[in-house]
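Structure first, commentary second.
Note that the numbering runs from 1 along the sequence shown for the chain. Owing to the predicted nature of the structure, the values given are computational and were not obtained by experimental measurement. Order of listing sets the numbers, starting from 1, for every ligand and every atom in it.
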Amino acid sequence: MSESQPQRGLFVTIEGGEGVGKSTNIATIEAWLIEQGIAHCLTREPGGTALGEKIRGLLLTVEQEPVTEHAELLLVFAARAQHLRQVVEPALARGEWVICDRFTDATYAYQGAGRGLSVDFIRELEQSIQGDLRPDCTLLLDAPAAVGMSRAGERAELDRFEREQMAFFERVRDCYLARAAAEPQRFQIIDTARPLAQVTPDVCAALDRLKQATC
Ligand code: TMP
C-alpha cells in the first residue's frame, strides 16, 4: 500500500525595506511556529543554500567595481533558482511551512522600482524560474523609509544596498505598498514604526489567521 502524500506546506514570505525589524519579527514568527508545533523551514533570500549564500556575499559586499543593474537582477534569480530546487520546493512537498526572509516581491521593489529595471523582464524571469510557485501569504513589515534608514544606520557597517539614497528606499516602500494594495488577499501589512509591544501581537494574530484559514 502506498503512503499518502503529505498536504503541501504553506509558503510565507516576509518583506519590507531596510530597518523595518525583519530579524526581530522573524524571531517572533519562529517562536510562534515552535509553540504551535508546526513543522517549518526558516530560510532567506538571497541565500538559503551554499551557492545562494555565496551569491548573497557578492550582492551585499561593497567592491570597487560597480555592479550593473542587470548583473544584480540575474544574480538574485540565480540564487532563487538554486534555493527553490534545493530548499523551498522539497520543504513544501514534505508539508512544512516555509518562512522565507524576502522573495520575489523584493526583486520588484529593489531591482524594479529601486533600480528602474523593466517590470516585464522581472515578470518573465519570475515565470521562467518559479513556474506557478508564488507565496501563499506575505507579511509586509512597513515603516516610513526615514524611520527604517535611521534604524539601519545604527548598524556597524552598511552593505551595498543600505548605502543607497533615501529616494531609492522611498521607491522600494511605494512599490511594496502598491503590490500589497493590488493583492490584498495575499499580503498582510504590519506597521512596524510602532513600539515592538504593539507589533508582536499583530504578527501573532496574522499567523493565527493564517493557521485558521488552512485548517
Ligand atoms: P537582508 O535580507 O538582510 O535585508 O538583505 C538582503 C538585501 O538584498 C536587501 O537589501 C534587499 C536585497 N534584495 C534585492 O535587492 N532583491 C531581491 O530579490 C532580494 C531577495 C533581496
Side-chain angles (χ1 to χ4, degrees), residues 11-27 29-30 42-49 51-63 66-88 98-119 121-130 133-135 138-143 145 147-177 179 187 190 192:
F11 186 24
V12 181
T13 58
I14 316 298
E15 297 280 4
E18 308 299 323
V20 293
K22 272 191 307 110
S23 309
T24 309
N25 287 295
I26 286 173
I29 292 169
E30 190 172 24
L42 193 55
T43 186
R44 69 174 179 180
E45 288 208 358
T49 65
L51 177 62
E53 291 296 325
K54 283 186 193 158
I55 294 173
R56 181 185 178 88
L58 296 176
L59 283 164
L60 299 193
T61 308
V62 180
E63 301 281 0
V67 180
T68 73
E69 290 85 355
H70 279 101
E72 184 177 287
L73 174 66
L74 295 173
L75 283 169
V76 160
F77 268 104
R80 182 161 300 139
Q82 187 75 4
H83 188 221
L84 289 173
R85 178 70 60 81
Q86 296 289 325
V87 175
V88 176
V98 173
I99 310 296
C100 192
D101 178 352
R102 295 194 186 281
F103 193 59
T104 309
D105 290 302
T107 314
Y108 284 101
Y110 281 78
Q111 281 67 51
R115 302 281 189 227
L117 289 178
S118 155
V119 171
F121 185 45
I122 296 174
R123 208 173 283 123
E124 275 176 40
L125 288 168
E126 178 182 42
Q127 194 56 42
S128 302
I129 302 301
Q130 296 171 216
L133 182 68
R134 300 288 182 277
T138 298
L139 294 189
L140 174 59
L141 307 181
D142 178 63
V147 172
M149 283 320 290
S150 82
R151 288 180 186 160
E154 289 162 14
R155 289 175 195 155
E157 209 180 326
L158 297 181
D159 68 33
R160 204 172 58 79
F161 289 101
E162 290 166 342
R163 291 175 186 216
E164 284 300 331
Q165 302 296 311
M166 190 62 74
F168 177 94
F169 296 111
E170 276 163 2
R171 290 196 297 279
V172 166
R173 182 186 187 214
D174 290 348
C175 176
Y176 273 131
L177 289 173
R179 291 181 68 74
F187 277 88
I190 313 256
T192 58

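- Protein heavy atom closest to atom 19 (C) of ligand 1, with residue, atom name and distance, is Ala106 CB, 3.6 Å.
- The Thr107 neighbourhood of ligand 1 comprises atoms 17 (C), 18 (O), with distances under 4.0 Å to a heavy atom of that residue.
- Environment of CZ in Arg155: crowded, with over 12 heavy atoms of neighbouring residues, nucleotides or ligands closer than 6.0 Å.
- When each atom of ligand 1 is checked for a heavy atom of Glu45 under 4.0 Å away, the hits are 20 (C).
- Selection from Arg56, Glu18, Arg44 by nearest heavy atom to atom 3 (O) of ligand 1 gives Arg56.
- Annotation: atom 16 (N) of ligand 1 to nearest protein heavy atom, Gln111 OE1, 2.8 Å.
- Considering backbone and side-chain atoms together, Lys22 places an N or O closer than 3.5 Å to an N or O of ligand 1.
- A salt bridge links Glu53 with Arg44; the closest basic N to acidic carboxylate O contact falls under 4.0 Å.
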| Does the side chain to side chain contact (heavy atoms under 4.5 Å, CB included) test come out yes or no for Phe77 and Thr107, once each step is laid out? | CA-CA 9 Å; Phe77 268 104; Thr107 314; 3.8 Å; yes
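- Between Glu72 and Tyr110, the side chains place no donor N or O within less than 3.5 Å of an acceptor N or O (distance only, hydrogens not considered).
- A cation-pi arrangement is found for Arg80 relative to Phe103, the charged atom lying closer than 6.0 Å to the ring centre and inside a 45° cone about the ring normal.
- Residue contact check: Pro46 has heavy atoms under 4.0 Å from atoms 8 (O), 19 (C), 20 (C), 21 (C) of ligand 1.
- With a heavy-atom cut-off of 4.0 Å, Asp159 does not touch ligand 1 at all.
- Counting heavy atoms from C-beta outward, Lys22 and Arg102 have side chains that approach closer than 4.5 Å.
- A donor-acceptor distance shorter than 3.5 angstrom exists from the side chain of Arg160 to the backbone of Leu59, with no hydrogens or angles considered.
- Set against the non-hydrogen atoms of Arg80, the atoms of ligand 1 under 4.0 Å away are 18 (O), 20 (C).
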